[in-house]
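What follows is one structure encoded as structure tokens, with my remarks underneath.
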Amino acid sequence: MAILCFSGLVLLIGGEIASAFDADPKQVPFLVAVKQLHRWLFMIPENPRGGLSVGRIITAVTTMCMTIVLLTGVVAWWPKSKKMLKNRLTVSTDKGFRRFVYDTHVSLGIYAFVFLFITALTGPVFSFKWYKQGMSRLFGQETEQKEMKMEMKKTMPNRLQQRKMPLLAEMRNR
């Protein structure tokens with residue numbers, strides 16, 4: 001999990017770091033390797049923009065499992081009173097080493113929950129189109145513009161061919 005978090009951080013700030021050194025982020029081997037690890041586990045699909053690969057599926061499924069693990073952890077941790085909440089968010093150092101490790105695990109886990117939950121919840125957006133559409137609908141974001149752009153790209157060659165056909169016919173008649 002720490003590797004994915006670190007790689008996500010590198011993906012976020014890698015472009016700024018590369019541009020600070022007057023380099024293209026797509027040409028820096030380290031940044032390219034981090035992106036390939038983060039998105040596809042080095043198993044790049046034939047179509048990186050939308051194709052599926054084993055690495056992409058593994059990454060998405062594990063982030064979905066991480067979401068479930070985080071939610072069950074919070075449900076198991078949830079205190080029944082305010083006094084219990086205070087006890088669970090503090091780390092006791094005078095009750096032995098095992099208790100210290102347990103309290104540290106529990107309190108740091110709760111403090112990190114929000115960040116980890118958002119990361120795990122949004123991770124599969126890069127892998128599954130149905131997940132991306134569902135998250136877009138959930139947060140009220142429209143995805144129609146991208147679909148329209150794709151349709152324009154698909155119809156563009158046909159329009160060009162229609163324009164070229166009369167020109168080709170004229171050239172043949174000469």
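Computed from a predicted structure; not experimentally measured. Heads up: numbering here begins at 1 and tracks the sequence.
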*Spatial distance of atom CZ (F113) from atom CG (L108) [nearest 0.5 Å]*: 15.0 Å

*Check L31 against P25 and note the closest heavy-atom contact, atom names and distance.*
CB-O, 3.9 Å

_Treating S127 as the side-chain partner and G123 as the backbone partner, does any N or O pair qualify as donor plus acceptor under 3.5 Å?_
no

*To the nearest 0.5 Å, how far apart are OG1 in T67 and CG in L70?*
6.5 Å

_Pairwise salt bridge (charged side-chain N to carboxylate O under 4.0 Å, His left out) hits with a residue in residues 101-128, at least two apart_ = R99-D103

*Treating Ile, Leu, Val, Met, Phe, Trp and Tyr as nodes and any side-chain heavy-atom pair under 4.5 angstrom as an edge, say whether F115 and V69 lie in one connected cluster.*
no

*asked:* Is there a side chain to side chain contact (heavy atoms under 4.5 Å, CB included) between F128 and M64? Walk through the geometry before answering.
replied: CA-CA 11 Å; F128 298 130; M64 285 188 232; 3.3 Å; yes

*Side chains of M135 and Y131: closer than 4.5 Å at any heavy-atom pair?*
yes

*Shared ILVMFWY cluster between W78 and V106, side chains joined below 4.5 angstrom?*
yes

*Euclidean distance, L85 CG relative to T90 OG1, rounded to 0.5 Å*: 9.5 Å

*To the nearest 0.5 Å, what is the distance between CD1 (I58) and OG1 (T63)?*
12.0 Å

*Nearest 0.5 Å please: distance from the CZ atom of R137 over to the NZ atom of K132.*
13.0 Å

*asked:* Within this structure, what is the CG-OG distance for the pair L41 and S53, rounded to the nearest 0.5 Å?
replied: 8.0 Å

*Start with the C-alpha distance between L89 and Y111, add both sets of side-chain angles, then the distance that settles side chain to side chain contact (heavy atoms under 4.5 Å, CB included), and finish with yes or no.*
CA-CA 9 Å; L89 291 177; Y111 291 133; 3.7 Å; yes

_side chain to side chain donor-acceptor pair (under 3.5 Å) contacts in which one or both residues fall within residues 10-34, not counting sequence neighbours_ = none

*Do L71 and I118 sit in the same hydrophobic cluster, where Ile, Leu, Val, Met, Phe, Trp and Tyr count as joined when their side-chain heavy atoms come under 4.5 Å apart?*
yes

*Connected via hydrophobic side-chain network under 4.5 Å: V75 and I68*: no

*Tell me, do F117 and V74 make a side-chain contact under 4.5 Å, heavy atoms counted?*
no

*asked:* Once salt bridge (charged side-chain N to carboxylate O under 4.0 Å, His left out) is applied, what residue pairs with a partner in residues 69-84 remain, sequence neighbours excluded?
replied: none

_ILVMFWY cluster, L121 and V114 together (side-chain gap under 4.5 Å)_ = yes

*Do V28 and F21 have side chains that get closer than 4.5 Å, going by heavy atoms?*
no

